[in-house]
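We name chains A, B, ... by the order of the sequence lines, and we start the count at 1 in each one. Quick caveat: nothing in here was measured; it's all calculated off a predicted structure.
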Amino acid sequence: MQMQERIEAALSQITRATAEIIDLERIETLIKRYVETGERYTVKAGFDPTGSDLHLGHTVLLSKLRTFQQNGARIQLLIGDFTATIGDPTGKSETRKVLDRETVLANAKTYTDQVFKILDPDLTDVVFNSEWLEALGASGLVALTTTYNVARMLERDDFEKRYKAGKSISVSEFIYPLLQGYDSVALKSDIEIGGTDQKFNLLMGRHLQRVYGVGKEQAVLMMPILEGLDGVQKMSKSLDNYIGITESPKDIYAKTLSISDDLMWRYYELLSEKSLEEIAQMKDEVAAGRLHPKAAKEALAMELVARFYDKAAAKEAKEAFDRVFKAKQTPDDMPEFSLESGTWICKALTETGLEPSTSQARRDIKQGAVRIDGEKVQDERLALDKAGTYVLQVGKRKFAKVKVG
RNA sequence: GGUGAGUUACCCAAGUGGCCAACGGGGGCAGACUGUAAAUCUGCUGGCAUUUGCCUUCGGAGGUUCGAAUCCUCCACUCACCA
């Protein structure tokens with residue numbers, strides 16, 4: 001039966017590469033109803049309005065939301081402007097600064113601009129949780145806190161670890177999951193999706209929907225956390241192990257190629273449009289030696305560039321990359337500087353931003369990491385006194401063009 | 001409120017009067033090897049000074065001393081146990 005096939009196809013797309021689903025039957029029911037009657041359901045996903053650029057880690061979630069949109073969902077894109085002032089308990093996070101209204105709106109704007117590169121704006125409602133959380137008031141907040149107890153709160157993995165390690169836990173951090181859960185009450189969400197690290201908070205939504213008598217308990221769909229370029233830690237801006245979706249094609253391409261082969265398969269699974277079967281097949285071919293792992297990685301890098309730009313940009317990024325690194329040529333778009341004749345090499349390096357300090361510059365020269373026009377600099381006392389244009393290089397990837405005289 | 005322990009560089013963590021810009025590990029950077037991979041090995045990892053010199057750093061502020069990360073006083077913060 002055709003309808004049954006549509007339902008199954010939708011479910012298979014939705015469950016692809018998920019980490020865990022709680023109450024799958026509910027999701028099935030919602031999709032079935034949509035296919036049969038056209039009635040839509042809501043999927044909530046929360047984001048902090050910290051104003052940072054989106055990276056591939058976010059796209060794992062966003063792509064899943066897109067899949068939901070294609071299968072009957074309206075997305076409740078929750079901007080946690082109120083909760084952002086507390087900070088999700090992630091171990092290190094101190095209580096954050098209260099963001100003023102203007103900053104929040106500005107951040108939300110840069111956020112949604114990027115989000116709509118992936119999501120369909122017509123099927124997305126952008127909502128701010130300050131709307132109902134500010135109205136909650138002290139009595140409302142107290143009522144909210146009575147629905148949970150400390151022992152259960154401490155079950156949260158993060159709290160437990162910190163507690164055992166003798167680290168500080170602020171009382172406000174206990175409030176965070178409650179407020180996030182309350183968002184689900186206010187929005188009457190059918191489904192909420194988030195990373196596996198959000199499990200506790202996501203389940204809180206179910207708990208509170210039950211306590212507050214919303215009449216339904218949201219299903220929860222968790223996506224795996226995308227590891228950053230180091231392959232170990234979560235991709236995040238603060239660890240500087242991320243690929244931003246607004247980065248240049250060149251950078252996206254280069255960063256993708258720098259990941260390990262193991263991590264590549266992970267990225268394929270979570271980020272690629274390829275089906276899991278296709279990916280498994282590629283993996284087999286690499287294992288059998290029929291496909292060079294680097295070729296597979298190049299394909300992934302190009303797919304990612306094409307996703308955020310287009311195929312032409314992807315091709316260009318690959319060519320530029322090959323030119324620089326395979327043929328050992330210099331890139332064609334280096335920052336340019338002009339320097340006075342007689343400039344000391346270490347000063348030249350700091351002034352062009354290739355090195356943070358002259359001490360660091362000296363160390364790198366000693367180690368043979370600095371080159372001028374491809375020639376290793378041997379003497380740290382070298383002065384650039386011959387007029388002309390040179391290419392300064394530190395390590396493999398930092399370049400600058402300088403004009404002397 | 002009481003008692004005890006603690007706060008060291010990006011992170012963890014040694015150091016309990018001079019040999020301390022401060023052991024070790026992680027991370028980072030660089031070199032070798034490669035596919036600008038990964039893993040591995042090696043070096044470096046406060047700043048300034050065109051080379052053994054100067055300045056700043058061990059929670060904060062004072063003090064003792066020829067000399068302090070180390071001793072004393074006060075303050076701030078964290079944790080544990082008790083209330």
Side-chain angles (χ1 to χ4, degrees), chain A residues 90-95 154 159-173 227-243 250-268 283 286-287 289 291-302 304 317-331 334 342-351 353-371 374-385 392-399:
Chain A
T90 51
K92 285 270 155 57
S93 64
E94 304 293 319
T95 304
L154 282 172
F159 287 143
E160 196 187 350
K161 277 195 197 131
R162 283 161 68 191
Y163 192 71
K164 281 190 177 150
K167 295 254 169 73
S168 161
I169 300 172
S170 161
V171 172
S172 68
E173 294 179 78
E227 291 84 356
L229 301 173
D230 53 56
V232 180
Q233 291 194 270
K234 173 181 177 176
M235 181 175 283
S236 79
K237 193 157 194 176
S238 53
L239 292 171
D240 196 23
N241 63 356
Y242 69 100
I243 300 178
K250 196 181 71 183
D251 287 338
I252 294 177
Y253 188 87
K255 283 186 177 183
T256 306
L257 275 205
S258 79
I259 64 176
S260 76
D261 291 353
D262 284 344
L263 190 60
M264 164 174 78
W265 297 117
R266 180 86 172 146
Y267 277 30
Y268 255 118
K283 213 169 169 176
V286 169
L291 179 66
H292 194 292
K294 183 156 190 238
K297 207 178 288 173
E298 283 169 345
L300 174 67
M302 285 184 75
L304 292 176
K318 178 180 173 359
E319 281 165 5
F321 182 89
D322 289 347
R323 204 162 46 242
V324 175
F325 293 104
K326 280 196 180 149
K328 296 237 177 194
Q329 286 173 4
T330 50
M334 288 177 270
T343 303
W344 178 33
I345 179 67
C346 292
K347 272 276 168 285
L349 290 169
T350 53
E351 274 178 36
L354 295 181
E355 293 281 19
S357 68
T358 58
S359 297
Q360 183 65 43
R362 283 164 191 275
R363 282 194 288 268
D364 279 341
I365 289 170
K366 236 174 253 170
Q367 302 205 97
V370 176
R371 290 163 189 270
E375 290 288 315
K376 247 183 217 173
V377 176
Q378 309 281 355
D379 184 2
E380 62 181 86
R381 284 172 295 187
L382 182 83
L384 301 171
D385 37 36
L392 296 184
Q393 181 184 358
V394 178
K396 285 174 195 155
R397 38 191 108 177
K398 282 183 283 185
F399 294 90

Peer 1: So what does A/Lys347 hit on the nucleic acid, given a heavy-atom distance under 4.0 Å: a base, only sugar-phosphate, or nothing?
Peer 2: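 Touches sugar-phosphate only.
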Peer 1: Considering every strand shown, what is the Watson-Crick or G-U wobble mate of B/rA68 when both distances are under 3.5 Å?
Peer 2: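 Result: none.
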Peer 1: Would you mind pulling out the nucleotide paired to B/rG1, Watson-Crick or G-U wobble, both distances under 3.5 Å?
Peer 2: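 Across any shown strand, B/rG1 pairs with B/rC82.
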Peer 1: Between B/rA80 atom C1' and A/Arg162 atom CZ, what is the distance in whole Å?
Peer 2: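 Interatomic distance, CZ of A/Arg162 to C1' of B/rA80: 17 Å.
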Peer 1: Could you give the CZ-to-P distance, from A/Phe159 to B/rC79, as a whole number of Å?
Peer 2: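 My rounded result for the distance is 13 Å.
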Peer 1: If we only count heavy atoms from C-beta on, is the A/Arg162 to A/Ile169 side-chain gap below 4.5 Å?
Peer 2: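 Answer yes - side chains close enough.
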Peer 1: Taking only N/O atoms, report every protein-nucleotides 50-55 of chain B pair under 3.5 Å with atom names and distance.
Peer 2:
none

Peer 1: To the closest 0.5 Å, what do you measure between CD (A/Glu355) and CD1 (A/Ile345)?
Peer 2: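 Separation between the atoms: 9.5 Å.
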Peer 1: Checking contacts here: which listed nucleotide (B/rU45, B/rG31, B/rG35) is nearest the side-chain heavy atoms of A/Pro293?
Peer 2: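 The answer is B/rG35.
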Peer 1: Under a 3.5 Å cut-off for both contacts, is B/rC20 paired Watson-Crick or G-U wobble with anything, and if yes, with which nucleotide?
Peer 2: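 Matched B/rC20 with nothing under the 3.5 Å cut-off.
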Peer 1: To the nearest Å, give me how far apart CD (A/Glu355) and P (B/rA49) are.
Peer 2: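 Nearest whole value for this atom pair: 14 Å.
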Peer 1: Heavy atoms only, 4.0 Å cut-off, all strands: where does A/Arg363 land among base, sugar-phosphate and nothing?
Peer 2: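 Here A/Arg363 touches the backbone only, sparing every base.
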Peer 1: So, OP1 or OP2 of B/rC79: does either fall under 4.0 Å of a side-chain N or O from A/Ser168?
Peer 2: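 For B/rC79, OP1 or OP2 has a side-chain N or O of A/Ser168 closer than 4.0 Å.
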Peer 1: Salt bridge check: are A/Glu319 and A/Arg323 linked by an N-O gap of less than 4.0 Å?
Peer 2: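 Judged by the 4.0 Å cut-off on N to carboxylate O distance, A/Glu319 and A/Arg323 do not form a salt bridge.
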Peer 1: Quick one: look up who B/rC44 pairs with, Watson-Crick or G-U, both distances under 3.5 Å, and put none if it's unpaired.
Peer 2: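 The answer is B/rG28, by the H-bond criterion.
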Peer 1: Let's go through A/Ser357 and A/Ser359 carefully: what are the C-alpha distance in whole Å and the side-chain angles of both, what is the deciding distance for side chain to side chain donor-acceptor pair (under 3.5 Å) to 0.1 Å, and is it a yes or a no?
Peer 2: CA-CA 5 Å; A/Ser357 68; A/Ser359 297; 4.6 Å; no
Peer 1: For the NZ atom on A/Lys255, are there more than 12 heavy atoms of other groups (residues, nucleotides or ligands in this structure) within a distance under 6.0 Å?
Peer 2: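 Counting neighbours around NZ of A/Lys255, more than 12 heavy atoms of other residues, nucleotides or ligands fall under 6.0 Å, so yes.
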Peer 1: May I have the distance from A/Arg397 (atom CZ) to B/rG28 (atom P), rounded to whole angstrom?
Peer 2: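 Roughly 12 Å, once rounded to whole Å.
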Peer 1: For A/Ala295, answer base if it contacts any base atom (sugar-phosphate contacts may also be present), sugar-phosphate if it contacts only those atoms, and nothing otherwise; contact means non-hydrogen atoms under 4.0 Å.
Peer 2: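 Since no nucleic acid heavy atom lies under 4.0 Å of A/Ala295, the category is nothing.
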Peer 1: Would you mind classifying the nucleic acid contact of A/Tyr253 as base, sugar-phosphate or nothing, using non-hydrogen atoms under 4.0 angstrom?
Peer 2: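 Contact class for A/Tyr253: none.
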Peer 1: With A/Lys234 as the cation and A/Tyr242 as the aromatic partner, state whether NZ or CZ is under 6.0 Å from the six-membered ring centre and within 45° of the axis.
Peer 2: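 No, A/Lys234 does not sit over the ring of A/Tyr242.
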Peer 1: Both distances below 3.5 Å, Watson-Crick or wobble geometry, any strand: find the nucleotide opposite B/rC77.
Peer 2: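 Answer to the pairing question: B/rG6, which forms a Watson-Crick or G-U pair with B/rC77.
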Peer 1: Write down the distance between CG (A/Leu349) and P (B/rC29), rounded to a whole number of angstrom.
Peer 2: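 Interatomic distance, CG of A/Leu349 to P of B/rC29: 17 Å.
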Peer 1: With respect to the side chain of A/Gln360, which nucleotide from B/rA80, B/rC29, B/rC48 is positioned closest?
Peer 2: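 Among the listed nucleotides, the one closest to the side chain of A/Gln360 is B/rC29.
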Peer 1: Using heavy atoms to find the nearest nucleotide of RNA chain B for A/Thr358 and A/Leu257 separately, return the residue whose nucleotide is more 5′.
Peer 2: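 Counting from the 5' end, the first nearest nucleotide belongs to A/Leu257.
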Peer 1: In the strands shown, is B/rA49 matched to any nucleotide by a Watson-Crick or G-U wobble pair with both distances under 3.5 Å, and which?
Peer 2: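 For B/rA49, the partner nucleotide comes out as none, under the 3.5 Å rule.
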Peer 1: How many angstroms lie between CD in A/Gln233 and CG in A/Asp240, if you round to the nearest 0.5 Å?
Peer 2: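 If I round to the nearest 0.5 Å, the distance is 12.0 Å.
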Peer 1: Give each protein N/O atom lying under 3.5 Å from an N/O atom of nucleotides 38-43 of chain B, with the pair distance.
Peer 2:
residue	atom	partner	partner atom	Å
B/rG43	O2'	A/Gln367	OE1	3.4
B/rG43	N2	A/Gln367	OE1	3.4
B/rG43	N2	A/Gln367	NE2	2.9
B/rG43	N3	A/Gln367	OE1	2.9

Peer 1: Hey, does A/Ile169 reach any base, or is it just sugar-phosphate, or nothing, if we go heavy atoms under 4.0 Å?
Peer 2: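 It contacts sugar-phosphate atoms only.
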Peer 1: Hunt down the Watson-Crick or G-U wobble partner of B/rA13, both distances under 3.5 Å, from any strand shown, or write none.
Peer 2: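 B/rA13 is unpaired by these criteria.
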Peer 1: Quick one: pull up CG in A/Leu291 and NZ in A/Lys283 and give me the separation to the nearest 0.5 Å.
Peer 2: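 Those atoms lie 13.5 Å apart.
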Peer 1: Who is the Watson-Crick or G-U wobble partner of B/rU56, with both distances under 3.5 Å?
Peer 2: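 Result: none.
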Peer 1: Under the salt bridge (Lys or Arg N to Asp or Glu O under 4.0 Å) rule, what do A/Arg266 and A/Asp262 come out as? Steps first, then yes or no, please.
Peer 2: CA-CA 7 Å; A/Arg266 180 86 172 146; A/Asp262 284 344; over 6 Å; no
